[in-house]
Asks: 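Input: one structure, supplied below.
Start at 1 with the first residue, then count along the sequence. Atoms within a ligand are numbered from 1 in the order they appear, just like the ligands themselves.
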Amino acid sequence: MVDAIAAAQVLSEIGYLLRQDPKERYRARAFSAAAWTLALQRPELEKLRRAESLTSIEGVGEGIARVLVDMVDTGESRYLNRLREQFQQPPRADESDLDFSDYIGDIHSHTDWSDGRATMLEMAQGAQALGYSYLGITDHSPRITVVHGLDAERLVAQSRQMAEVQKQIDGLTLLQGIEVDILEDGTLDLPDAVLEILDIVIASPHVKLRQEPAAMTERMLRAVSHPHVDVIGHPTGRRPGSREGATYDFEAVFKEAAAHAVALEIDCDPARMDLSPEMARLALECGCTFAVDADAHAPAEFAYVAMGLWMARRAGIPRDRILNFRPVQELTMAVER
Ligand SMILES: [Zn+2]
Ligand SMILES: [Zn+2]
C-alpha cells in the first residue's frame, strides 16, 4: 500500500534531484508542487489508480502520473531509482524508518510579525489541525529590515499576543522563539538578555554566504558555541539549483554543534532542502541532533515536513536524534529553562 505521504516523499526527492540539473528546473518544480499537493490533500492513490484518474490530482500531469502508477503497482519508483543512480546517490542499507504520523511539533515558523503571510492564530490553528502538540513561532531578528524583524520591544508585544492566542488553542503549546541572524563575525543579531528569555533560538546564516571558507568556519563555530543557541537554521543557506550556499569546515562545525547540543536543521522548504542527505549523514556521524522543520510562512507550508522527511530517512537519522519526535518537555531548550 502506497499512501499519499510516502508518495509525496518520493516526488519530493525526485524534485530535489532534478534541481541539481539547471535544465530540469521546470520539471523539478512540478514534482515538488505535486508532492506538496499530495501531502496537503492526501488523495487515495490506489482508488485513483484503479479509476485511471491520477491526473485529476492538481498538478499531476501524465509524467508524474506514470511515477505514481509505478509506485502503486510495485511499491517503488523506477524513475527515482534511475535518478539516484544518475546523481550518484544510491540507496543505503542503513536508511532509517521515520513515520510522519509520529512527528509531533514544528519549531521553525513565521507569522505576519515578520515575513509570514498568516497571523499567529492562523498558524496555530494550522498546526493544531495536523495534530501537533507544539509549534515554535520563530520570526526574524531586526537585521532583516525588509521583513520588519523583531527587536526586544516587539518580542515583548508578540509574547502578549501569544498568551492571548494560546488561550484560544487547545492541545497545542506555543513556543516563542526567534530566527536570529548570524552576523558576519559569528555574533548574533540580538543581545543575550533577549535571547535568554525565549523558548527557542534558531540561529541562521542569511547574508554574506559566500564568505571565504576559513572566515565562514569561524563565524559558524562562534554561532554554535553561543550559550543560547538551540538550532542552526538551514546551515548552509543554499537553494538547490539557484544559490550555492556557504562553504566551511562542516566537520569541525558539526562536531562543535554536537558538543554544545545544538541541533542542525533539515529545512523542508522544497526551495531549500538544506542540509543534504550527505551532509546530514556527516552530521549524524559527528554526533549531532536534528530539527526537521517546514520553515512555514503560511499554514499550508506545514505540509513541507510530510514531503521532506525523506532526507532524514536517507541520511539514516534515527528518531531519537530528531527534536520534533520528542514531547515538548524533552526539547533541549525546554530542559534548560
Ligand atoms: Zn531563514
Ligand atoms: Zn525561517
Asks: Run the numbers on Glu184 and Gln211 for side-chain hydrogen bond (donor to acceptor under 3.5 Å, both in side chains), then give the verdict.
Replies: CA-CA 8 Å; Glu184 281 95 314; Gln211 231 171 358; over 6 Å; no

Asks: Could you check whether Glu251 pairs with Lys255 (Lys NZ or Arg NE/NH1/NH2 to Asp/Glu carboxylate O, under 4.0 Å)?
Replies: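 Result for this pair is yes, salt bridge flagged.
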
Asks: Do any of the N/O/S atoms of His297, backbone or side chain, fall under 2.8 Å from the Zn ion (ligand 2)?
Replies: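 No, outside the cut-off.
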
Asks: Is the shortest side-chain N to carboxylate O distance from Asp21 to Arg27 below 4.0 Å?
Replies: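 Salt bridge: no.
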
Asks: Does Glu46, at its CD atom, have more than 12 non-hydrogen atoms belonging to other residues, nucleotides or ligands within less than 6.0 Å?
Replies: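 Correct, the count exceeds 12.
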
Asks: If you leave out waters, which protein N, O or S atoms are less than 2.8 Å from the Zn ion (ligand 1)?
Replies: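 Correct list: Glu179 OE2, His206 NE2, His234 NE2.
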
Asks: Flag yes if more than 12 heavy atoms outside Arg66 fall under 6.0 Å of its CZ atom; otherwise flag no.
Replies: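 No, the 6.0 Å shell around CZ holds no more than 12 heavy atoms from other groups.
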
Asks: Do Phe302 and Tyr304 have their ring centres less than 6.0 Å from each other?
Replies: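 No, too far apart.
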
